[in-house]
Amino acid sequence: MDRLGIARALGETADLLALTGEEPFRARAYQRGARVLEALSDADFGRLLAEGRLTTLAGIGRGLAVVIGDLARRGRSSALEQVRGALPGGARELSRIPNLGLKKIRALH
């Protein structure tokens with residue numbers, strides 16, 4: 001997966017974590033990581049990933065670096081799959097409707 005695809009996956013993870021409302025700091029960390037990757041060049045990202053130095057970027061900690069590495073190498077992340085599995089299908093899209101929270105989305109599902 002390329003840098004922008006990884007950034008999209010991190011953004012989706014952030015949105016889904018925010019929707020659950022359980023750990024807002026994690027959602028912010030994933031969103032910050034997505035913004036950092038969007039701002040990098042492909043060459044810089046590839047070099048930092050290959051050298052195992054993603055944590056030198058502001059906003060990328062060890063845990064997030066592991067997730068980014070998984071996405072880059074395997075094209076998938078267990079963190080994203082886990083949060084997707086915890087929510088009803090289409091929850092992210094439905095959450096964009098005003099006054100429709102997770103409780104109502106689960107009832108609709």
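Every heavy atom of this structure was used, including side-chain atoms; hydrogens, water molecules and symmetry mates were not.
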(message) Please identify which of these residues, L71, L80, D15, meets the side chain to side chain contact (heavy atoms under 4.5 Å, CB included) condition with L10.
(response) L71
(request) State, with a plain yes or no, whether a side-chain heavy atom of F45 is found less than 4.5 Å away from one of D2. (result) no
(message) Could you tell me if the side chain of L16 sits less than 4.5 Å from the side chain of T20, heavy atoms only?
(response) no
(message) Tell me if the CD atom of Q82 is crowded by more than 12 foreign heavy atoms within 6.0 Å.
(response) no
Name every donor-acceptor pair, under 3.5 Å, that has one atom in a side chain of residues 46-53 and the other anywhere in the protein, sequence neighbours excluded.
from	atom 1	to	atom 2	distance (Å)
R47	NH2	D44	OD1	3.2
E51	OE1	R53	NE	2.7
E51	OE1	R53	NH2	3.3

(request) Could you tell me whether the side chain of R28 reaches within less than 4.5 Å of the side chain of P24, counting heavy atoms only? (result) yes
(request) Answer whether the closest heavy-atom distance between the side chains of R76 and D70 falls below 4.5 Å. (result) no
Tell me which donor-acceptor pairs under 3.5 Å the side chains of residues 29-37 have, and how far apart each pair is, sequence neighbours excluded?
none

(message) Could you check whether E12 pairs with R84 (Lys NZ or Arg NE/NH1/NH2 to Asp/Glu carboxylate O, under 4.0 Å)?
(response) yes
(request) Please name the pair of heavy atoms, one in E38 and one in A7, separated by the smallest distance, quoted to 0.1 Å. (result) CG-CB, 3.7 Å
(request) Please examine the side chains of L57 and L40, heavy atoms only from C-beta on, and report whether any two atoms are closer than 4.5 Å. (result) yes
(request) Indicate the atoms forming the closest heavy-atom contact of A27 with A18, along with that distance. (result) CB-N, 3.8 Å
(request) Nearest 0.5 Å please: distance from the CZ atom of R62 over to the OG1 atom of T55. (result) 9.0 Å
(request) Measure the spacing between CZ of R73 and OG of S77 and express it to the nearest 0.5 Å. (result) 12.0 Å
(message) If you compare all heavy atoms of L64 against all heavy atoms of G59, which two are closest, and at what distance to 0.1 Å?
(response) CD2-O, 3.8 Å
